[in-house]
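A quick write-up on the structure given underneath.
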Protein chains: 2
Amino acid sequence: MPSRTPSAPDAATTAARSTRDRLLDAVEQLLAEAGPRAATLDAVAAAAGVSKGGLLYHFGTKDALVEGLLGRLRTLAQEDLARMRSAPEGAARYYVRTSVVASGDPLQRATIAALRLVQDADRRAVEAFTEISEAWRVAIEEELGDRALSRVVQLVGDGLWMSASMGVVPPDVEEVLAALPGLPAAG
Amino acid sequence: MPSRTPSAPDAATTAARSTRDRLLDAVEQLLAEAGPRAATLDAVAAAAGVSKGGLLYHFGTKDALVEGLLGRLRTLAQEDLARMRSAPEGAARYYVRTSVVASGDPLQRATIAALRLVQDADRRAVEAFTEISEAWRVAIEEELGDRALSRVVQLVGDGLWMSASMGVVPPDVEEVLAALPGLPAAG
DNA sequence: GACCGTTGACCGTCCAGACGGTACAGTCGT
DNA sequence: ACGACTGTACCGTCTGGACGGTCAACGGTC
């Protein structure tokens with residue numbers, strides 16, 4: 001039996017979810033802005049406006065907290081995948097465009113936080129990321145039909161993620177998209 | 001008085017340089033293979049076959065050790081930049097091709113180690129990386145003359161670095177290169 | 001050429017603080 | 001009364017760093 005959440009597995013109470021989510025928000029923020037070393041239990045609790053005991057009430061261990069973060073990432077990624085497949089501009093363009101940071105996007109926040117964990121050699125984060133990355137690749141390849149070009153599109157996206165996680169100003173997306181050949185016309 | 005290297009600033013004795021380099025090799029390896037958390041002073045010293053005291057003789061603080069690593073990275077990057085500009089296949093192709101991991105390449109080892117530090121929110125690592133990345137971009141843009149395309153080339157390279165640091169099997173470089181338009185013919 | 005002080009390279013141990021986690025008694029809203 | 005917390009005190013372990021000691025090599029000097 002893995003570490004359990006205190007509430008029922010299906011739908012938690014509003015208050016519980018709210019605190020739980022605030023805790024996950026706090027880990028994400030600390031990971032993204034200050035790195036894994038700064039994301040201590042004390043710091044996370046403080047950033048969420050909760051006591052350490054309160055944090056440990058929701059997530060019994062630090063591992064459980066990470067698991068919670070990755071779970072949220074998977075959920076958001078799956079939702080994004082659906083949006084991606086039905087995007088009028090096409091999956092490839094959608095992917096590249098949503099790989100530049102618009103601060104506030106929940107998926108992007110979660111992704112960058114997970115990226116930090118990946119570089120901290122967290123096995124589960126690597127697994128989650130590989131899995132999600134794979135799903136994105138499949139969706140892009142489904143649209144483009146060209147393996148090599150799909151790789152390029154995804155590498156560009158990965159590159160954007162990397163510069164995002166470094167806090168570098170991203171290049172103009174439209175310019176980049178224009179320089180990529182073989183993408184179906186937008187709209 | 002800040003921590004200084006024991007030997008003379010110009011040419012150290014053979015034995016001293018050897019130990020120093022072994023220590024830097026050890027940090028790189030630990031960072032790349034096990035992440036920043038595993039790169040403790042004890043672990044680095046052990047991996048280099050030196051006692052902790054011995055490590056601290058060469059690098060007075062952990063910061064100094066990191067500084068040493070980044071110094072080595074800068075040197076290697078500068079050497080690579082020269083090779084890149086004189087590469088017969090052209091700077092862009094050279095850059096993409098050398099962005100896939102061939103384990104054993106000193107620059108790649110140092111780069112991946114530094115990438116881990118970047119994600120650990122190490123300011124100096126971010127600075128070093130930004131600086132090097134900028135130099136690469138300039139070299140590519142000098143060759144291609146096209147800003148947008150240069151961005152794409154570099155993003156692809158960054159993407160390759162990212163998958164490398166995640167331990168993912170890299171895509172076929174030649175395939176990727178073939179899917180990139182506008183690159184001057186090789187040779 | 002035996003003695004000796006110095007120096008550079010390195011070892012081993014110790015310490016303070018931080019961190020993850022436990023325990024538990026108390027509080028507040030519903 | 002019960003779930004959702006707060007607050008404090010505490011433990012064991014790890015980590016960066018300080019520190020004193022060891023030892024071989026070298027240079028001078030008588």
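Every chain is numbered from 1 and lettered A, B, ... according to where its sequence line falls, protein lines coming before strand lines. Quick caveat, the model's predicted, so the values are computed rather than measured.
Atom CZ of Arg22(A) and atom C1' of dC5(D) are 11 Å apart (whole Å). The nearest whole Å value for the distance from the CG atom in Leu55(A) to the C1' atom in dA4(D) is 14 Å. Protein atom CZ of Arg37(A) is 12 Å distant from nucleotide atom P of dG20(C), rounded to whole Å. In this structure, Phe59(B) places its CZ atom 12 Å from P of dC10(C), rounding to the nearest Å.
Contact check for Leu149(A) versus Ile140(A): no side-chain heavy atoms found under the 4.5 Å cut-off. In this structure, Phe129(B) and Val126(B) have side chains that are not in contact, with every pair of non-hydrogen atoms separated by 4.5 Å or more. The shortest distance between side-chain heavy atoms of Ser163(B) and Val100(B) does not fall below 4.5 Å.
For the atom pair CG of Leu31(B) and CD of Gln119(A), the computed distance is 10.5 Å after rounding to the nearest 0.5 Å.
Comparing Thr40(B) and Gly49(A) against DNA chain D, the residue whose closest nucleotide sits nearer the 5' end is Gly49(A).
For dG8(C), the OP1/OP2 oxygens have no side-chain nitrogen or oxygen of His58(B) closer than 4.0 Å. At the phosphate of dC10(C), neither OP1 nor OP2 sits under 4.0 Å from any side-chain N or O atom of Tyr57(B).
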Protein within reach of the bases, or only the backbone? For nucleotides 21-30 of chain C, mark each nucleotide 5' to 3' as B, S or -, using heavy atoms under 4.0 Å.
BB--------
Just distance, no hydrogens or angles: give the donor-acceptor pairs under 3.5 Å from side chains in residues 34-52 of chain B, sequence neighbours left out.
from, atom 1, to, atom 2, distance (Å)
Arg37(B), NH1, Asp120(A), OD2, 2.2
Thr40(B), OG1, Ala43(B), N, 3.1
Ser51(B), OG, Gly53(B), N, 3.4
Ser51(B), OG, Gly54(B), N, 3.1

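Tested against His58(A), the residues Leu24(A), Leu65(A), Leu23(A) include a single side-chain contact (heavy atoms from CB on, under 4.5 Å) partner, Leu23(A).
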